[in-house]
Amino acid sequence: QVQLVESGGRSVQAGGSLSLSCAASGDTHSRYCMAWFRQAPGKEREGVAAIYTGGDNTYYADSVKGRFTISQDNAKNTVYLQMNSLKPDDTAMYSCAAGVICAGWVLNRAGVFRYWGQGTQVTVSS
């Protein structure tokens with residue numbers, strides 16, 4: 001079992017930056033694929049970025065490449081999402097997820113992630 005708690009979401013102006021955190025507890029000794037998903041009202045959930053806790057492989061959605069960076073601090077059992085050059089289209093509820101499979105395609109398959117956090121709201125105003 002893994003429990004995930006996100007933090008860091010807030011309102012920000014377009015062009016600004018924001019860093020989200022996802023703190024994991026429970027079975028933190030196992031290696032997982034940690035990912036960030038987002039969902040805006042009326043839109044489908046979208047995988048944003050993923051990272052394997054047992055290595056350095058990272059994966060990004062095309063919509064955020066070059067603007068978002070996913071990273072991890074294994075000593076703190078925390079995964080981060082640094083978001084730069086934010087756009088109003090980035091407005092969404094951002095959720096952290098943990099699963100056992102890590103590859104680029106998992107960003108399109110939310111169902112492969114077993115554990116989910118409650119989410120943190122990011123609002124980008126123009």
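Values reported hereafter were calculated over all heavy atoms of this structure, with side chains retained and with hydrogens, waters and symmetry mates removed.
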Would you list the atom pairs, donor with acceptor, under 3.5 Å between side chains in residues 102-117 and any protein atom, with sequence neighbours excluded?
residue, atom, partner, partner atom, Å
Trp116, NE1, Phe113, O, 3.1

Review point. Just by modelled atom types, is the Val124 backbone N or O under 3.5 Å from a matching donor or acceptor in the Thr91 side chain?
Key: yes
Exercise for review: Give me the other members of the hydrophobic cluster that Tyr80 sits in, counting Ile, Leu, Val, Met, Phe, Trp and Tyr linked by side-chain heavy atoms under 4.5 Å, directly or via other members.
Suggested key: none
Point to revise | Hydrophobic cluster identity match, Tyr52 and Tyr32, side-chain contacts under 4.5 Å | key: no
Exercise for review: For side chain to side chain contact (heavy atoms under 4.5 Å, CB included), just list the numbers for Phe68 and Leu18, CA-CA rounded to whole Å, side-chain angles, deciding distance to a tenth of an Å, and then say yes or no.
Suggested key: CA-CA 10 Å; Phe68 291 11; Leu18 202 56; over 6 Å; no
**Study point:** Thr69 side, atom OG1; Met83 side, atom CE - distance, nearest 0.5 Å
**Key:** 11.0 Å
Check your understanding: Any salt bridge (charged side-chain N to carboxylate O under 4.0 Å, His left out) pairs touching residues 75-87, not counting sequence neighbours?
Key -> none
Exercise for review: Would you list the pairs meeting side chain to side chain donor-acceptor pair (under 3.5 Å) in which at least one residue belongs to residues 5-22, sequence neighbours left out?
Suggested key: Ser17-Asn84
Counting only pairs under 3.5 Å, give me each side-chain donor-acceptor contact of residues 54-66, with atom names and distances, residues two or more places apart or in other chains.
residue, atom, partner, partner atom, Å
Tyr60, OH, Ile70, N, 2.9
Asp62, OD1, Lys65, NZ, 3.2
Ser63, OG, Glu46, OE2, 2.8

Review point. How long is the gap from CG on Asn77 to CD on Gln3, to the nearest 0.5 Å?
Key: 11.5 Å
**Study point:** Nearest heavy-atom neighbours spanning Ala24 and Val2
**Key:** CB-CG1, 4.2 Å
Revision key, fill the gap. Between the OG1 atom in Thr78 and the CG atom in Leu4, the distance rounded to the nearest 0.5 Å is 10.5 Å
Listing, residues 92-101 side-chain donor-acceptor contacts under 3.5 Å, not counting sequence neighbours, or none:
residue, atom, partner, partner atom, Å
Tyr94, OH, Arg38, NH1, 2.9
Tyr94, OH, Asp90, O, 2.6

Practice item. Please report the C-alpha distance between Gln1 and Asp27 in whole Å, then the side-chain angles of each, then the deciding distance to 0.1 Å, and finally whether the side chain to side chain contact (heavy atoms under 4.5 Å, CB included) criterion is met. Key: CA-CA 6 Å; Gln1 287 280 352; Asp27 179 19; 5.8 Å; no
